[in-house]
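Just so it is clear: chains get the letters A, B, ... in the order the sequence lines come, proteins before strands, and each one is counted from 1.
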Amino acid sequence: MKFIIIIVIVLVIIAAAQLMKVYELSSRLRNKDEADVTPAETKFNAGMLLLFYIALMISSTWLFFHYGARPGLGASASEYGVDIDFLYDVNWLIILIVFYITQSLLFLFAFKYQQKKGRKAVFFAHSTKLELLWTIIPAVVLAGIIIGGLSVWNKITTPKENATVIEIYAQQFGWTVRYAGEDNTLGNSDFKVIHETTNPLGVVTTKLINAKEKAWTREIDSLTVYLDENGDLTPDATVDEIEDKIERLGRQIRRLDPLRKSQTAETNAAATDDVIVKELHLVKGVDYEFKFRSRDVIHSALFPHFRAQMNCVPGMTTRFSFKPIITTAEMRAMPDVAKQYKEISENRVAEGREPVEFDYLLLCNKICGSSHYNMQIKIVVETQEEFDVWYAKQSESKTFEMLAGLGTTVANEESIDTNVAAIDTVNVITEPVAQ
Amino acid sequence: MGAHTHEEGHHHHESFITKYIFSQDHKMISKQFLLTAMFMGIIAVILSVLFRLQIAWPNEQFEAMKFFLGDSYLTSEGLLKPDRYLAIVTIHGTIMVFFVLTGGLSGTFSNLLIPLQVGARDMASGFLNMLSFWLFLLSSIIMTYSLMVESGPASSGWTVYPPLSILEQAIPGSGLGMTLWLLSMTLFIASSLLGALNYIVTIINLRTIGMKMTRLPLTIWAFFVTAILGVLSFPVLVSAVLLLLMDKTFGTSFYLSDIFIGGEALDASGGSPILYQHLFWFLGHPEVYIVLLPALGITSEIVSTNSRKPIFGYRAMIGSILAIGFLSFIVWGHHMFITGMNPFIGGIFVFTTLLIAIPSAVKAFNYITTLWKGNIRYTPAMLFSIGLVSTFITGGLTGIILADATLDIPVHDTYFVVAHFHIVMGLSAIFGMFAGVYHWFPKMYGKMMNKKLGYAHFWLTLIGGYGVFFPMHFVGLAGAPRRYYANTEFAFLDHVQDLNEVITIFAIIGGLAQILFFYNFFYSIYNGRKTTQNPWKSNTLEWTTPVEMGHGNWPGALPVVHRWPYDYSNPEHEEDFVPQTTPLKEGEHSH
Ligand code: HEM
Ligand SMILES: [Cu+2]
Ligand SMILES: [Cu+2]
């Protein structure tokens, strides 16, 4: 197949070369200079310039009217998003006016002053007046744009007092949400105590640290015993591996110290009631303070319907706040949204896929790996009553302590340890120690 | 061979090897840069068409994928693998920005035009110049080779942000592929630095008698400021890249902190991924002007020559080149509004960034005024220059949105950004490069390129280019993130899927149109009409050399300059052009 394609290409090139040769020879006979543009060529290109100009004006105008500034996203679902949308409209207006004027001047001059025999161009090398004019006008317009932009920017980047705190946590390739609980304060967290299923966000309490330390110490002991007993029979590579593991566990234990020092009764209490879930429910009309973290690489939390975005960077916490103003139900009921999703669903069904309903989504917007294109979480905006019902249900099983197996339901210390230890064996030692 | 001899300089008999391979003649080196960049450009264009096919029709198999990429890039169903999608986007972007538009554009035209237009026999150091090309070639080879390694080439985007670019656990391309990327870029930067130093020294020291700084063609001013930007910013990239390499291979943690991946907590702590972004964009923003300024310089020259009018506002043009060059160093933060930077600092970057719009607007208006009441000759080079001005305006205007932190929030990292920077770099700068090739081809090869093919190439490229990148803004406004393997997982993006298909069709048209150019280029080298000494009736010094130039450029003494380069249609002269070597008439004052 490749071979045939290559042969065809070569033949086409040879044929084209022959045609070109004929053309070159004939123009040589007519004694034309390739540098001079003939009147016919001038006419052709002038016509094309005009045609292209008209097509550009019509198609750009059509695109703007057909798609608008926020195609398919509907009205802003956050309070300050309304300001952003307004700012967009103002800026688009300015930009379009400048676009039409400058492109028109460019193409129409390029068309109008096409080469004519015997015409001499006007010698016009500079004019301080004109140059000042187009320095000052853009400067004034830009000053307006800057002032408008920065005033909204300051407004939306200033944290709101008494906002409800929610943590949004990113990892390849999904999102986790942590509610701060009654006290509206998130507990401390640290990547060293992360556990995939029981403590995905690495929330820290003194209890957890103690349990971890015990579990890791016990792990070291059992590995040491294993080596003492079976060391001679074990291949050298495995012995090295086990020794590595012992060393690493020791290092991990030492790294717990600073964590322990920074825990207080308050931070322990703050963590205990945190609720960790896989959906984001928000209440209409409440100011939210979002805290963003990442476990592995940089992600970015994009909320297109709320006109909000913030990067999630490993090693630091970023923040952002907004207030939702339209519930999911209200959005679904809006005529344009309803119509759009009806169309989308019809098309999807025609292609043999599932129909869809409108939902707010949070998506990843910073390249983060192979499934970057499908790293999303649903957002539900609802009334306070609806939210309370949902939240009460989550609090029954998804507080930090319950997930981590440290809950008060587990009565004695010993069984807490076993619980954590069992889990941590999976965590620290990824393969079985010896076959 | 008579024209080859001249009294002074370093002329000596050249063997095939010293003439064509290890040449120290700036003209030959310029051609070597151009050919290498064209080859790299073909790869990058093919990659772009392939990933556009994927975006437009994500569930379909394409023979082309298999043909160009081979099985290792495909899943068992014959679809492109998601991480390989990211890989080809990354390599496409890297090649286009660095190899085509930095190495290719500056390497070709700075090399060709600086000695010829300032009246020098060669670059200040022919040897360093040769070294610069060989490093460029080596880095091109490594980058191309990285496409073939088993774990895939670098896949973390052309900006290679850590930790993604460091952690092999995060994406396979961050293994060997990334190491090769870093190696290739280090060589590339060394090449750029050697080139840039040479350009600066040559412009400062080797100008011929009478060639005052205020008589330099605007091409030279643009190359000059570009080279300064390169010298000041590339070393910062080197350090960024070296630190990245150390994090990757020696276990340091400049950019890493608090990472839990593959079921284990890494030891790294105390580094910051944001530090890398600061270092990268400190180069990265000047880089976009390194790409753009030479194209603008080329356009200034071509617009003036073909309008048969002086460039309007010569001094204002120089002033705006300098202003853009200076400002480009204090705007890098506009790439980082969403990283959680202090909002006050964000505000400062908004201010500095929008300031750049002022000198840019001055340039655009000056081009338009240069056309006014001209006598415009539609050579292919001139058409590409007009196209450049059009796309420069369009791209500049959408830049206003991205520069405004508030407006950037919803469109940052979406296709809106992709549309914006392609209109400026992918169209404007590339148009400048095409314009340069059509205009100076006679100087490079002593032949003319075919005009009819040139017209076809221009119109298809302009239509293809606008057709791809204008609608793309709306895909971004709809909230479609860039670097997405497919938009199928989000129902709200169904709304713009038909636009995505249209875009891909235009991309195929635009891509195929480049065949006309390549064909014309190589055909004309061998079979083109012989050129005359000054085919465009131009004023600058390169057209005073004989058609067949040897090493040393002018057979006799160096030309002496008496006037600025833009005396077109000067009413005091009979002809509509007055070469810079023409002495002033009695009573005439120089510009
Ligand atoms: C045939 C013409 C071209 C087409 C169809 C095309 C298309 C694209 C598209 C769709 C992307 C975005 C992919 C994504 O972010 O998901 C992209 C990325 C990019 N393109 Fe192009 N492009 C073309 C030519 C150029 C040119 C001439 C340049 C020169 C500056 C260029 C530079 C870049 C860069 C820097 C990226 C970013 C890569 C990244 O995200 O890491 N492209 N191209
Ligand atoms: Cu992502
Ligand atoms: Cu920038």
Considering only heavy atoms and a distance below 4.5 Å, find which of [options] pairs most often with chain A.
options	result
H495(B), K81(B), M336(B)	H495(B)
I358(B), N487(B), V350(B)	I358(B)
G340(B), A170(B), A316(B)	A170(B)
L256(B), L354(B), I463(B)	L354(B)

Measure [X] against the heavy atoms of chain B and call it side chain, backbone, both or neither at under 4.5 Å.
X	result
V122(A)	both
Q114(A)	both
L73(A)	side chain
S59(A)	neither
V356(A)	side chain
P71(A)	both
R353(A)	side chain
Y341(A)	side chain
A69(A)	backbone
Q171(A)	neither
L56(A)	side chain
N91(A)	side chain
A46(A)	both
T318(A)	side chain

So, for [X] and [Y], which heavy atoms are closest and what is the spacing to 0.1 Å?
X	Y	value
P343(B)	T157(A)	CB-OG1, 3.4 Å
P273(B)	V313(A)	CG-CG1, 3.6 Å
F191(A)	A268(B)	CZ-O, 4.3 Å
Y88(A)	L407(B)	OH-O, 2.6 Å

Handout entry: Ring centers of Y373(A), Y85(B) separated by less than 6.0 Å
Key = no

Problem - Aromatic ring proximity, centroids under 6.0 angstrom, F64(A) and F474(B) - result: yes

Answer yes or no: is there a donor N or O on one side and an acceptor on the other, between the side chain of [X] and the main chain of [Y], under 3.5 Å?
X	Y	value
D576(B)	A121(A)	no
Q309(A)	P410(B)	no
Q115(A)	Y378(B)	no
K451(B)	D36(A)	yes
Y485(B)	H372(A)	no
T406(B)	G149(A)	yes
N375(B)	K116(A)	yes
Y314(B)	H126(A)	no

Handout entry: Residues which pass ring-ring contact (aromatic ring centres under 6.0 Å, His included) with F124(A), listed by chain and number, not counting sequence neighbours
Key = F312(B), W372(B)

Handout entry: Aromatic plane relationship, W459(B) with F52(A) - under 30° parallel, 30 to 60° tilted, over 60° perpendicular
Key = tilted

Exercise for the section: Name the orientation class of the two ring planes belonging to F44(A) and Y455(B) (parallel below 30°, tilted from 30 to 60°, perpendicular beyond 60°). Expected result: tilted

Problem - Candidates R248(A), K192(A), R255(A) - the one meeting salt bridge (Lys or Arg N to Asp or Glu O under 4.0 Å) with D267(B) - result: R255(A)

Exercise for the section: I would like to know whether I368(B) and F109(A) meet side chain to side chain contact (heavy atoms under 4.5 Å, CB included); could you show each step before the answer? Expected result: CA-CA 8 Å; I368(B) 293 175; F109(A) 286 173; 3.6 Å; yes

Exercise for the section: Apply side chain to side chain contact (heavy atoms under 4.5 Å, CB included) to the pair R377(B) and E41(A), showing each step before the final yes or no. Expected result: CA-CA 10 Å; R377(B) 183 171 63 193; E41(A) 286 166 338; over 6 Å; no

Exercise for the section: List the steps and the verdict of side chain to side chain contact (heavy atoms under 4.5 Å, CB included) for I400(B) and I145(A). Expected result: CA-CA 9 Å; I400(B) 292 179; I145(A) 289 179; 3.9 Å; yes

Practice task
Apply side chain to side chain contact (heavy atoms under 4.5 Å, CB included) to the pair D567(B) and F123(A), showing each step before the final yes or no.
Solution key: CA-CA 8 Å; D567(B) 267 330; F123(A) 188 83; 3.6 Å; yes

Handout entry: P162(B) versus chain A, the contacting section by heavy-atom distance below 4.5 Å
Key = backbone

